[in-house]
Amino acid sequence: MKKSCTLCGGKLKDGICTECGMDNRKSDEMYQKALNQSDCKNMRLSHVHTDKKAEPYESPVINQTRRQEKTQDTRKKSGNKKEKQPEKPFADIYSQYRSKAIRTSEQWKSKEASGNSKLTIIVSIVVIVLGLVITLVDNLGNPEKTPEWTEETVSEAYEVQEEYDPFAYVEEELPTEGEFWEEERSAGMYVVGVDIPEGEYVLEGRKGSSYSVYDSRHYLSVSESFHSEKEDTKQVGGVKLFEGAVVCVDGMYPVKFYTENAQLENMEARMENPLIQPFEMSGTSVAGEAFPEGTYDVYCIGDSFGVFNFDLELSREDHTVPFGISVLMEMNPKSEYPDYCSKYENIVMPAGAKLDTGELKIKLIPSEGITTEDYMSFYDNIY
């Protein structure tokens, strides 16, 4: 008879274990086999016992959280750290500076035009809107009147716009008889009747050159550039230049003036310039303070290039009118940038005129001749 429990090894009493209570009197093999089996029989020795009712344990992905924290931290640091930009080549800086200069010139031109045309634009918009409304109402009642826009009609509209002639509304007529006259004028300011004879002209210029005509007595303020995509030169006809008008020429290339009715008998010569002392400057300066007022030729000196700005307040009966010019200047202009010039002739600088060149260095040399010593009156026919 067994003396100990087959389950726990405890002491038996009448076949019953005194410690675990197992009945050791049974001798069924299946019973004994079941007692000696375990759920871990077919498992590896390194397995771990788990509770079947417990939720399965999901092991974290190793280093995942730390890697994200590290990435975010790195981004934060890189965001605070300023990246070193590669140095721009000189060609890009040169091009960017030129673009800025050109924009400055264009802004001045648009500013000049906007002062005279704001009211005209507003009135034109109102008239156009009213016309469209009336036409629309009329066409609703009569569908046959609805216009059809075709390539031909659009082309005709552009032709009408391009054929606009600012001299067509001038009531005064120029003499039909005169003499043949043809000369070129480089960048500068010129007076009709002194530097250019009175007459009706054909002007010819190359890309980059431009001209302006100021003649308040005949209500003229005209500006046009010689830009043609098809040809190297461009001609503009029907330019009426009356005595006393101020003509400005800009650009690297001179502009050719051609007429068959030049009024040479009325021409006057320039007077001797009383100034002899040149003046060099860069930055800002005022005529009558830093240098004497008078008529000067402006030269670009050194290796710099940029914009020469000239501003002046013109007094009228009950108001003042701002006048200014901006000239793109370079000591040795290239054909790649033909809107730059190295010299600007005959600019009249009354006391109070403001000059601003930025970093551009210029030299003011008294012109060979002058038209008047009352320098402010030179601009009486501007506006």
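Predicted model only: the values in this text are computed from it and were never measured.
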Item checked: Modelled atom types, side-chain donor and acceptor of Asn273 and Ser367, under 3.5 Å -> no

Next item on the list: Keeping the roles fixed (side chain from Lys354, backbone from Gly352), state whether a donor-acceptor pair exists under 3.5 Å.
Entry: no

Margin query: Can you give me the closest heavy-atom contact between Leu312 and Pro350, atom names plus distance?
Written below: CD2-CG, 3.9 Å

Notebook entry, point to check: For residues Ser225 and Ser210, is any side-chain donor paired with an opposing acceptor at under 3.5 Å?
Noted result: no

Notebook entry, point to check: What pairs meet the side-chain hydrogen bond (donor to acceptor under 3.5 Å, both in side chains) rule with one or both residues in residues 258-270, with sequence neighbours excluded?
Noted result: Asp195-Arg270, Tyr258-Glu260, Thr259-Asn261

Notebook entry, point to check: So how far is it from Leu203 CG to Arg185 CZ, rounded to the nearest 0.5 Å?
Noted result: 11.5 Å

Check: Do Tyr169 and Tyr219 have ring centres separated by under 6.0 Å?
Finding: no

Next item on the list: Report the residues that fulfil side chain to side chain contact (heavy atoms under 4.5 Å, CB included) with Lys207, sequence neighbours left out, ordered by chain and then residue number.
Entry: His227

Check: Of Tyr379, Tyr190, Phe323, which is the lone residue that meets ring pair (Phe, Tyr, Trp, His ring centres under 6.0 Å) with Tyr214?
Finding: Phe323

Notebook entry, point to check: Can you list every salt bridge (Lys or Arg N to Asp or Glu O under 4.0 Å) pair that touches residues 232-248, not counting sequence neighbours?
Noted result: Glu224-Lys234

Next item on the list: Determine the minimum heavy-atom distance between Glu373 and Pro274, stating which atoms define it.
Entry: OE1-CG, 4.1 Å

Margin query: To the closest 0.5 Å, what do you measure between NZ (Lys363) and CG (Asp297)?
Written below: 12.0 Å

Notebook entry, point to check: Can you check whether Tyr296 and Phe291 have ring centres sitting under 6.0 Å from each other?
Noted result: yes

